[in-house]
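Questions regarding the structure given below will be posed in turn.
No hydrogens, no waters, no symmetry mates; every other heavy atom, side chains included, goes into these values. Small disclaimer: the values here were computed from a predicted structure and weren't measured.
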Amino acid sequence: MTDTILSVRNLCTEFTVESGTVRVLDGVSFDVPKGKTLGIVGESGCGKSVTAASIMRLLPQPHGKIVSGEILYDGKNLATLSKEDMYKVRGDKISMIFQEPMTALNPVHTVGRQICEVYELHRPDYDKDKRKQKAIRMLEKVGIPEPAKRFDEYPHQLSGGMRQRVMIAIALACEPDILIADEPTTALDVTIQAQILDLMKKLQDDNGMSIIFITHDLGVVAEMCDEVVVMYAGRAAEQADVFKLFENPSHPYTHGLLSSIPKLDSQPRTQLPTIPGSVPSLLNMPSGCRFQNRCDFATDQCQQTPEQTLIASDHKVFCWQWQTLNQKRAEA
Amino acid sequence: MAEPILRIRQLKQHFKLGGGLFQKKNFVYAVDGVSFDLYPGETLGLVGESGCGKSTLGKTLLRLHEPTAGTIEFEGQDITHLGEKAMRRLRQDIQIIFQDPMESLNARHTIGMILEEPMMVHGIGTPAERRERAKALLERVGLPRDAVDRYPHEFSGGQRQRIGIARAISLKPKVIVCDESVSALDVSVQSQVLNLLLDLQQEMNLALIFIAHDLSVVRHVSDRVAVMYLGRVVELTDAHTIYSSPKHPYTQSLIDAIPIPDPRQRDRERIRLTGDVPSPINPPKGCHFAARCPRAMDRCVTEQPQLITLSEGHEAACFLNE
Ligand SMILES: Nc1ncnc2c1ncn2[C@@H]1O[C@H](COP(=O)(O)OP(=O)(O)OP(=O)(O)O)[C@@H](O)[C@H]1O
Ligand SMILES: Nc1ncnc2c1ncn2[C@@H]1O[C@H](COP(=O)(O)OP(=O)(O)OP(=O)(O)O)[C@@H](O)[C@H]1O
Ligand SMILES: [Mg+2]
Ligand SMILES: [Mg+2]
């Protein structure tokens with residue numbers, strides 16, 4: 001058993017919108033293993049970023065709110081932590097990087113100053129020289145050439161890949177326990193993505209942090225993650241060790257996703273397996289299993305919300321029909 | 001073999017960048033000497049990283065940009081300098097679909113109006129016939145017929161892409177340029193749209209130029225694949241060979257960079273490119289890839305490798321193949 005550094009329990013998050021309240025996360029639970037990478041994967045709108053924002057307590061105010069559940073870290077429940085205490089955790093113990101570094105970086109400040117600010121906030125005992133020295137060291141760590149010179153440059157002077165490296169330097173400045181990376185490479189070219197993924201793995205090897213890696217790309221999950229939560233419409237559908245998930249996807253949604261990706265070595269110009277239909281709107285969710293209207297295996301039972309079933313160690317699925325799916329696959 | 005429907009030769013699109021009166025002028029070499037043939041009913045995939053000139057190439061061959069140099073022939077006719085009036089007629093035959101086709105369209109128009117507009121412009125049918133055809137098109141792309149009375153914002157990304165496809169096929173074109181048409185879609189919906197494109201292509205004997213930055217997706221729908229780097233095609237061959245025996249180091253490193261959805265392969269050997277994707281503003285002499293190429297030689301910096309035929313239907317531009 002690996003140690004858990006952070007535990008999300010039955011998290012429910014709601015937004016107030018014009019037409020009322022929408023429940024965007026509906027009872028999400030997972031454990032982040034210490035020193036390892038947990039992937040959160042799912043299609044657009046399934047609640048990945050809202051999960052991250054809930055953990056970081058960065059939900060848009062006043063209309064976003066954690067309504068129940070717990071986020072357990074270091075003996076505290078982050079879901080109910082005071083603003084002041086959360087201020088100390090964020091950026092020091094738990095940090096985050098985003099898809100578009102340009103929106104997260106301040107365009108009018110040099111990259112050096114933006115790293116130094118983290119130290120000003122969380123390491124008040126550092127003097128100016130020490131902050132600068134530490135910041136340059138961070139830029140070097142994330143593979144920025146000529147770090148002392150880059151220290152004085154502005155974000156717009158850097159390429160997209162370099163900006164993402166700066167974001168990582170800021171996030172890791174205080175050697176956090178947990179890094180939350182929300183689609184950190186989605187906006188980058190594949191060759192640059194490969195560099196950033198390598199960098200993240202190396203930094204994790206060096207300092208033993210845990211990573212929550214959010215992505216919609218199952219290829220990136222397979223490359224990066226140790227454990228995976230597959231989300232669908234605000235709930236976890238399946239959760240497993242990465243090898244088990246890809247070998248034996250046991251939720252019809254996971255199975256459908258995996259088979260609908262064109263593979264590099266697949267037969268060109270053949271019809272791809274698809275998942276019919278699209279994700280139902282949050283305002284119009286079916287009761288019971290949220291995947292039922294797109295599922296080949298749905299029965300009347302699926303009108304009840306699926307319970308969590310442990311089908312192997314490190315492998316949970318939220319589906320009434322997982323055995324039917326596995327049987328079908330064994331026959332095929 | 002059939003005659004190509006489209007024949008591109010040494011096509012160039014250089015954009016001039018501002019710069020003062022006495023300053024040296026800078027040029028973006030967005031497309032820098034591209035040649036290929038496109039045959040009826042086939043898909044030519046165009047892949048490469050951002051800024052390599054894919055969209056510019058697509059737009060230039062539709063004459064949405066005036067080419068800097070080179071020729072474009074459609075069905076044997078040189079259309080490189082064709083006047084606007086003659087070009088308008090041709091635009092029935094060559095269509096383009098963008099990443100989100102609705103972005104460029106009037107949000108206050110119903111889907112019916114959006115689909116009927118091209119027919120109206122080209123003077124096809126009566127209003128009642130056009131409406132009927134719009135409904136039939138919607139049905140063909142897998143949407144309800146009553147969608148004609150609804151508005152773009154009422155549809156999901158995948159549905160909007162279907163509407164874009166319906167619009168593109170409404171005039172029964174011979175060629176469609178699909179520019180990142182599925183890139184913004186979730187995989188479960190992407191596969192639906194790819195299947196639809198493959199179906200329609202067969203049904204209508206369409207020739208497609210399929211532009212995307214994702215080689216796995218491009219390979220899946222293409223007969224042949226052209227890999228672009230900084231304005232030039234560096235390799236062109238059939239969809240099998242591009243993956244099984246690439247002959248340009250850039251193609252190989254692109255393949256190596258793609259994450260494979262199978263964790264058992266995560267420790268495979270691969271080439272990692274260092275450095276950034278370079279800028280197409282005043283690119284270096286010689287091979288554009290030389291600065292990042294793990295196998296670059298002295299001459300690659302000074303001399304430009306030409307695209308040469310290595311075997312039937314397989315071309316690459318790299319001195320290593322000599
Ligand atoms: N500020 C907000 N107000 C209302 N609804 C919101 C807000 N932010 C997010 N949502 C809704 O919450 C749901 C989950 O959104 P979220 O951003 O977490 O999705 P995601 O999984 O990160 O998707 P993507 O892959 O597109 O980033 C969506 O249906 C979205 O519309
Ligand atoms: N109208 C224009 N004027 C000046 N430069 C342009 C113009 N259009 C494109 N460019 C430049 O030409 C180069 C090629 O751009 P293009 O949009 O064709 O690339 P692309 O391969 O489609 O990239 P992406 O994958 O990001 O869509 C880029 O450097 C771009 O900035
Ligand atoms: Mg998101
Ligand atoms: Mg483009």
Chain A contact via B:Gln265 - which portion, at a heavy-atom distance below 4.5 Å: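 When you check distances to chain A, no heavy atom of B:Gln265 falls under 4.5 Å.
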
Gap between atom CG of B:Asp186 and atom CG of A:Leu257 - 0.5 Å precision: 8.5 Å

Top contributor to chain B interface from A:Asp265, A:Val242, A:Ile192, A:Leu188 [non-hydrogen pairs under 4.5 Å]: A:Asp265

Whether B:Arg272 side chain and A:Gln195 backbone form a donor-acceptor pair below 3.5 Å: no

Engaged part of B:Val221 at the chain A interface, taking heavy atoms whose separation is under 4.5 Å: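 Answer is backbone: N, CA, C or O of B:Val221 sit under 4.5 Å from chain A.
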
Flag, side chain of A:Asp189 to backbone of B:Ser50, donor-acceptor distance under 3.5 Å: yes

Segment of B:Leu194 engaging chain A (4.5 angstrom heavy-atom cut-off):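 Answer is side chain: those atoms of B:Leu194 sit under 4.5 Å from chain A.
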
Proximity breakdown for B:Ile255 and chain A, heavy-atom pairs closer than 4.5 Å: both

Proximity breakdown for B:Asp262 and chain A, heavy-atom pairs closer than 4.5 Å: backbone

Toward chain B, the part of A:Pro145 with a non-hydrogen atom under 4.5 Å: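 Answer is neither: A:Pro145 stays 4.5 Å or more from chain B.
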
Minimal non-hydrogen separation, A:Glu223 against B:Arg266, with atom names: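 Heavy atoms of A:Glu223 and B:Arg266 come nearest at O-NE, 3.7 Å.
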
Which portion of A:Gln193 sits near chain B, non-hydrogen atoms under 4.5 angstrom: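 Side chain only.
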
Structural part of B:Ser222 lying under 4.5 Å from a heavy atom of chain A: backbone

4.5 Å side-chain heavy-atom contact, A:Gln271 and B:Asp199: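 Yes. Closest side-chain heavy atoms under 4.5 Å.
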
Contacting region of A:Ser259 [heavy-atom separation from chain B under 4.5 Å]: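 Neither part.
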
B:Arg264, CZ atom: more than 12 neighbouring heavy atoms under 6.0 Å: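 No - once you tally the heavy atoms of other residues, nucleotides and ligands closer than 6.0 Å, there are 12 at most.
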
Interchain contact, B:Asp256 with chain A, by part (heavy-atom threshold 4.5 Å):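 Neither; nothing under 4.5 Å.
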
Neighbourhood of chain B inside residues 154-162 of chain A, taking heavy atoms under 4.5 Å as contact: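 A:Ser159, A:Met162 fall under the 4.5 Å cut-off.
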
Segment of B:Gln201 engaging chain A (4.5 angstrom heavy-atom cut-off):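 The side chain, not the backbone.
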
Choice from A:Pro268, A:Cys225, A:Gly277, A:Ser278 maximising heavy atom contacts with chain B below 4.5 Å: A:Pro268

B:Arg295 CZ: over 12 foreign heavy atoms closer than 6.0 Å: no

Side-chain donor/acceptor of B:His220 to backbone N/O of A:Lys263, under 3.5 Å: no

